[in-house]
> 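Here it is, the structure in full.
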Amino acid sequence: MSRPMSADLLDGLNTEQLRAVTWPARSALVLAGAGSGKTRVLTTRIAWLLSTGQASPAGVLAVTFTNKAAREMQTRLSAMVPVNVRAMWIGTFHGLCNRFLRIHHRDAGLPATFQILDTQDQQALIKRLLKSLEVSEEKFPPRAVQNFINGNKESGLRADKLSAHDAYTRKLIELYAAYDAQCRREGVCDFAELLLRSFEVLSANAALREHYSERFRYILVDEFQDTNRLQYAWLKLMAGRHANLFAVGDDDQSIYAFRGADVGNMRALLSDFSVAEPVRLEQNYRSMGTILKAANALIERNDGRLGKNLWTDAGDGEPIRLYEAWSDGDEAEFIVEEARTLKREGFDLADMAVLYRSNAQSRALEHALVNAGLPYRIYGGLRFFERQEIKHALAYLRLVANPEDDNALLRVINVPARGIGARTVENLQLASREQGVPLWRAACGAGGGRSAAALGRFVLLVEDLRRKAEGLTLAETVSLVIDHSGLRDMYEADRKEGEERLANLDELINAAAGFMADDPSQALIEFLSAASLEAGDHQAEAGEDAIQLMTVHSAKGLEFGAVFVSGLEEGLFPHENSFNDQKGLEEERRLMYVAITRARQRLYLTCAQSRMLHGQSRYPIRSRFVDEVPAELLRVLSSGRRPAPEREAARAPWLGDGMPVSHARDLAGFAIGQSVSHARFGTGVVVNAEGSGQDARLQINFAEQGLKWLDLRFAKLTPV
DNA sequence: AATTCTGAACTTTTT
DNA sequence: GTTCAGAATT
């Protein structure tokens, strides 16, 4: 090698990328636009720090949001420099906090074997708690309680720090406290708890804090715009007085406010860490110029941006195609037809994506794809570790690790059915509450009777599993549990779904066989943690050339040669739930920005004039986001099945341009989108309809009264 | 204890 | 329109 390694590393970086990679040992905020080489900058910086000797592997802390991103960083890094990956802390916030808490479980007041509750587990625990406290699920929906708890944890707030003026919130706080107490009793942590607990340990323990902030001289964060308040506070503690935080993010791609992400952290970082000015990566290596122009013009309408303009030297490329279908079915057929054409032109199906705002939209697309015989793949839905058979097997494994795990016990106490019914379980819970012991101990001490005999057999089964598992490898343990618990027999007897579930269970054994534990004596515990922290990819069918269907959210970070952004209608995208406030609308716009910037060469925007939603036809108007794309960048494609011109001329004027007459139903002179006035409710707009003629019911959005269904037989409406 | 029935929900998602 | 959970039924 004739040149120093660091020079090779830096080859091919543009000026701004180079500035970011070789940033001195102080904090930075890198505003990395879509397709600007963000991951490359991040990994190259770590490689550069290591190969120039500025940092040792043990001194690097790199945080991502997904396991996939963490893995990619590790893989790319080890391709760049010879590095001891084990010494570096590269992982997700949750993965790293788990690692931290395993090491310091004593300081954290956790058992060495603490288990991690995923979202499902957490919900189950909350439901159980509500029942035991005799709190009505009507008044306190488990989902709402869950959101309250997680929201507060993500803001760093414990129940005892909260206060309320109303009885309802006071009850929520009470439930929060009871929930935490229950988790403590069972030795389990939910996702937010991993963060909060390690934050608290660091805050309370100066020596520990000192140790870590001395150790991690270089902290790097990916997707910084997605951090919540607690994560930011955790990073600040880790950074300590060195305050050396290298954050990469894009405020224009912040689309996770609904789960606590706070874009404000980006501005906060600038002042908290005295960063004068962000480094802007604005050169885009992905999309053609027209696509970027559209994205820039759209996002410019948002307020309070840090500011950024994407550019490319790749040329303008093709115009953006706009297609206004007259129904969701027509939209889907258009997309399928177009995809076929693109395939003939040389695009791989796998290089095309159909994006939509909400999962429900996939149905019409799926239907059209099946009809056309085009292979496709839908992202979303259950992932590997979320499947019931996998969760059952894991519950048995948890009992092997710790029989006092109530969640696990309740999950499988009667799976497969072994004569322990709801009544028995109820009695067991009563006993455990009275004696203040975990369910397991109550079950061990259960007295005589028929149900006690069944309970006794279950206790024996678990004890037997525990005994037999000693000295076995992880894979053998998993295999033992599946066979001996009766799960295998149960699924073998299931004609309908058994086969697939058995295959998944075998896959679980494979996963265990391939699992590398840091500490082999803790293999089971580590495996269970990994299973909770990584639900598994939406694993792709390897090698199949299939068109990709996914929500805009799950498309973030991906790119495709051709992208269809579908369902561009008011109420859908932007979603109606975000109409209320400007913040919500701006997040929707960022979402659109993310959608647009996924495309390399071809971008299609599609919408429909009628759409089935919740089992009802809706007649939405085209999304404002379509109109925010400069018209000169668009080529409007006309519908292949446009109604004949003379009929088109007959359509009602208020239906807007292009509304096919066939959709203007007979609603006694009224139409969707029309303004009307009512003697009592004032003025409003017809937004939906059922039935026809004098029998029709109209849904009207009144300025004062909001949405109302009115029966045309009774309501006196006058057109405005 | 298993099966069928009813009704409520229904935006986005990772850990 | 569909799914999912919990209630009601057998």
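Only a predicted model underlies this, so the values are computations on that prediction, with no experimental measurement involved. We name chains A, B, ... by the order of the sequence lines, and we start the count at 1 in each one.
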> In chain order, what residues pass the ring-ring contact (aromatic ring centres under 6.0 Å, His included) check against A:His94, with sequence neighbours excluded?
A:Phe191
> Who pairs with A:Arg488 by side-chain hydrogen bond (donor to acceptor under 3.5 Å, both in side chains), at least two apart in sequence or on another chain?
A:Asp483, A:Asp506
> Give every residue pair that meets the salt bridge (charged side-chain N to carboxylate O under 4.0 Å, His left out) criterion with at least one member in residues 225-236 of chain A, sequence neighbours excluded.
A:Asp226-A:Lys556, A:Lys236-A:Asp272
> CZ of A:Arg418 versus C1' of B:dA1: gap in Å, rounded?
15 Å
> Output yes when A:Lys68 and A:Glu72 qualify as a salt bridge under the 4.0 Å nitrogen-oxygen rule, no when they do not.
no
> B:dT13 C1' sits how many Å from A:Glu386 CD, rounded?
10 Å
> When you check the gap from the basic side-chain N to the acidic O, do A:Glu569 and A:Arg611 get nearer than 4.0 Å?
yes
> Whole-Å distance between B:dT15 P and A:Asp222 CG?
13 Å
> Name all pairs fulfilling the ring-ring contact (aromatic ring centres under 6.0 Å, His included) condition that reach into residues 569-596 of chain A, sequence neighbours left out, sorted by first residue then second.
A:Phe573-A:Phe625
> For the pair made of CG in A:Leu230 and C1' in B:dT14, what is the distance, rounded to whole Å?
15 Å
> Which part of the nucleic acid does A:Asp226 contact within heavy-atom distance under 4.0 Å: base, sugar-phosphate only, or nothing?
nothing
> Do any N or O atoms of the protein come closer than 3.5 Å to N or O atoms of nucleotides 5-7 of chain C, and which pairs are they?
residue	atom	partner	partner atom	Å
C:dG6	OP1	A:Lys127	NZ	3.0

> For A:Glu576, what residues pass the salt bridge (charged side-chain N to carboxylate O under 4.0 Å, His left out) criterion, not counting sequence neighbours?
A:Arg618
> Without decimals, in angstroms, what is the distance between A:Arg99 CZ and B:dT15 P?
18 Å
> Both A:Thr92 and A:Ala422 contact DNA chain B. Which one's nearest nucleotide lies toward the 5' end?
A:Ala422
> Please name all residues satisfying side-chain hydrogen bond (donor to acceptor under 3.5 Å, both in side chains) with A:Tyr179, sequence neighbours left out, ordered by chain then number.
A:Gln122, A:Asp190
> In whole angstroms, how far is the P atom of B:dT13 from the CZ atom of A:Arg590?
17 Å
> What distance, rounded to whole Å, do you find between the two P atoms, one in B:dT13 and one in C:dC4?
15 Å
> Rounded to the nearest Å, what distance is computed from the CZ atom of residue A:Arg71 to the P atom of nucleotide B:dT15?
9 Å
> Quick one: the side chain of A:Thr119 and the base of B:dT15, do they pair up donor-acceptor inside 3.5 Å?
yes
> Write down the protein N/O and nucleotide N/O pairs, taken from nucleotides 7-12 of chain B, whose separation is under 3.5 Å; answer none if there are no such pairs.
residue	atom	partner	partner atom	Å
B:dT11	O4'	A:His575	NE2	3.3
B:dT12	OP1	A:Asn359	N	2.6
B:dT12	OP1	A:Asn359	ND2	2.9
B:dT12	O4'	A:Arg357	NH2	3.2
B:dT12	O2	A:Arg357	NH2	2.6

> Got a sec, which pairs hit salt bridge (charged side-chain N to carboxylate O under 4.0 Å, His left out) with one end in residues 88-103 of chain A, sequence neighbours left out?
none
> Can you measure A:Gln120 atom CD to B:dT13 atom C1' for me and round it to whole angstrom units?
14 Å
